[in-house]
Amino acid sequence: MYIYQGATRHSGGITINQLFRYTFYGLYYFVNFVLCHDLFNAILTLPLFFAIIVALHYSPKNSVGQIDIISIIYFLFFCIIPLQNVDHGVILFGEIQQGWNYPAKNFVIVYGLALFSFCCIVLSTVRSSQNAMPVVRVRYEMKPLFFLLAMASFVATVLLHGGIATVLTPPLLREENVLSSITPATLGVQSMAALMYAIASRDRPQALDIPAMLVMFLSLLFVASPINVSRFALIGVWVPILLFFVPALLRTVVFYPVTLLSLIIFVPLLGFYSRWGFSGNGPAPSSDSGSLLTLRDMNVVEFSLEGLAYVERAGLQHGKVLLSTLFIHIPRAWWPGKPYPSNLLVGEQLADLFSYGNPNIAVPFMIDGYIDFGLIGAAIYCILFAYILFLLNRSVRFLSGGFEPYTACFIGNFLILTRGTLAVVFTLFAAQVLTLALLRRFTTSDVHLLSTG
């Protein structure tokens, strides 16, 4: 049985897992700090680094939990990547690659918002994890329902895309229709239905379970593979399932190296193949991006700085970004005046002013708030984001057979939820969470409550 919880207050000395965490963060940060190009920038990363070290105190003793994924994503995005990529206000290996200097005050704002949002999310996770968590049994007689739900979601995905041929087309070569933007929702439902079937089958296996799961997972692979969905959607769909079938990945000494190597090597490759497939079309993955250990395609600080620059050039949006997030799935043909999300606002400005070739960029949620209402808006967005996670932790988490489906989804989706743009990426996670909440209510029976505080 393997149990990983959102956050746990430790008593007594440092465990081996805690020692490994402190060593991983300390050594990795020290090496990059010593080798960094910009001392001022390096000093700005210190407060977040120390906040992460403090937050690790609330990580689970025996395995990986929500605090781990929160910490490592913020650590890589706002500590390591800046140490590797910034030289006196210039982004060395950025995606925009214009070579201009960003103002020092903008770096201070970005790192300050990163620190504030991190503290809000950690606090919400710790507080929400103090409540008892239901331990449930997934009723085996519900397995036909899970199977039918998974297959219905598969059919819906194909129909929303407009047919099998479109499903197998790489995203950049695909002609999208009005309804295809909601396919992440059907993928989320399909992935959770298949996962719940697997959980129920482990408790009471039956002869048809293996062929049924083969059908479900092969159909899921058909609509969610490296050639036809974005790399982050791929991670969000498959990581929860992978964590269930390979629980060793939740060991601290395995999780951290695997996560780091995945972000260095596999995520850039997934980005290439999800854009162009295996046909050989498109540019080869870039090799001019620093050393082997340089994190690529994760330029969150760069796009955050560009979000601030957008406000300096165009002014505040006064809530339009929030509206675009809330109503992202209303077709523009139905609402011609619908506000644009932050990724298109910033990206299209870059395209107009500097001939930047990819207007669809990623803007973190706290910068959404800044674009709407400045620093006050950014702070409110951070608090609101953390509060939503607090409510989800309180209401959706449950344990079945030693496995937490919600936390597995959180681990699979937190990277892209933090990277942004939230309006573009939240649908998959929201669908997974809603599916889990409904299936938890109607297809399980409570066994007892487990204290997680």
Side-chain angles (χ1 to χ4, degrees), residues 3-10 48 51-52 54-60 63-75 77-78 112-136 188 192 236 240 322 325-326 364-369 372-373 376-399 403-420 422-423 425-441 446 449-453:
I3 300 175
Y4 54 98
Q5 301 167 6
T8 305
R9 181 182 294 275
H10 295 303
L48 178 59
I52 290 171
V54 172
L56 292 176
H57 174 72
Y58 296 95
S59 297
S63 59
V64 169
Q66 293 177 26
I67 295 295
D68 289 281
I69 192 64
I70 297 167
S71 297
I72 195 170
I73 294 304
Y74 269 83
F75 178 67
F77 279 0
F78 298 105
L113 291 176
L115 175 62
F116 182 72
S117 64
F118 175 80
C119 292
C120 290
I121 294 171
V122 168
L123 179 61
S124 74
T125 303
V126 172
R127 291 293 300 274
S128 58
S129 298
Q130 291 174 350
N131 284 26
M133 178 174 56
V135 178
V136 307
M192 290 303 98
L322 178 59
T325 303
L326 295 176
F365 65 88
M366 69 281 278
I367 305 301
D368 282 359
D372 263 347
F373 301 111
I376 294 177
I380 293 174
Y381 279 43
C382 291
I383 295 171
L384 181 61
F385 185 83
Y387 184 64
I388 292 172
L389 295 181
F390 173 86
L391 294 178
L392 293 178
N393 235 19
R394 290 277 296 269
S395 58
V396 182
R397 286 178 67 209
F398 63 91
L399 191 71
F403 185 77
E404 275 190 57
Y406 170 74
T407 298
C409 292
F410 184 88
I411 290 174
N413 285 277
F414 187 75
L415 183 151
I416 187 57
L417 292 175
T418 305
R419 181 177 181 266
L422 196 61
V425 302
F426 80 91
T427 305
L428 173 65
F429 180 65
Q432 289 178 326
V433 168
L434 180 60
T435 302
L436 282 178
L438 292 175
L439 294 182
R440 151 79 177 86
R441 181 173 182 179
D446 288 351
L449 295 177
L450 175 69
S451 176
T452 60

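Owing to the predicted nature of the structure, the values given are computational and were not obtained by experimental measurement. All residue numbers in this chain count up from 1 along the given sequence.
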Report the relative orientation of the aromatic rings in F373 and Y381; use parallel for angles under 30°, tilted for 30 to 60°, perpendicular for over 60°. perpendicular
Take the angle between the ring planes of F414 and F385 and call it parallel below 30°, perpendicular above 60°, tilted in between. tilted
Of all heavy-atom pairs between [X] and [Y], which one has the smallest distance, and what is that distance?
X: S71; Y: A55; answer: OG-CB, 4.3 Å
X: L322; Y: D372; answer: N-OD2, 3.0 Å
X: A378; Y: L113; answer: CB-CD2, 3.6 Å
X: P134; Y: R397; answer: CD-O, 3.6 Å
X: L115; Y: A51; answer: CD1-CB, 3.7 Å
X: A431; Y: T435; answer: O-OG1, 2.7 Å

Nearest-0.5 Å distance that lies between atom [atom1] in [X] and atom [atom2] in [Y]:
X: I69; Y: I72; atom1: CD1; atom2: CD1; value: 6.5 Å
X: I388; Y: S124; atom1: CD1; atom2: OG; value: 10.5 Å
X: R394; Y: S128; atom1: CZ; atom2: OG; value: 7.5 Å
X: R441; Y: L438; atom1: CZ; atom2: CG; value: 8.5 Å

Tell me, do [X] and [Y] make a side-chain contact under 4.5 Å, heavy atoms counted?
X: F365; Y: C382; result: yes
X: F398; Y: E404; result: no
X: M192; Y: C409; result: yes
X: R440; Y: V136; result: yes
X: I67; Y: V126; result: yes
X: N393; Y: F410; result: no
X: L422; Y: L417; result: yes
X: L389; Y: I121; result: yes

Could you go step by step and tell me if T125 and F390 meet the side chain to side chain contact (heavy atoms under 4.5 Å, CB included) rule? CA-CA 6 Å; T125 303; F390 173 86; over 6 Å; no
Could you pull out all residues at least two apart from T325 that satisfy side chain to side chain donor-acceptor pair (under 3.5 Å)? none
State whether the number of non-hydrogen atoms from other residues, nucleotides or ligands found under 6.0 Å of L384 atom CG is greater than 12.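 Check passes, neighbour count above 12.
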Check the pair I416, R419 against side chain to side chain contact (heavy atoms under 4.5 Å, CB included), reporting the backbone distance first and the verdict last. CA-CA 5 Å; I416 187 57; R419 181 177 181 266; 4.2 Å; yes
Test log, rule side chain to side chain contact (heavy atoms under 4.5 Å, CB included), inputs L392 and F429: CA-CA 11 Å; L392 293 178; F429 180 65; 3.9 Å; yes
Any donor-acceptor pair under 3.5 Å from Q66 side chain to S59 backbone: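 Such a contact is absent between Q66 side chain and S59 backbone.
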Please confirm whether Y74 and F118 have ring centers closer than 6.0 angstrom.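 That pair passes the under 6.0 Å test.
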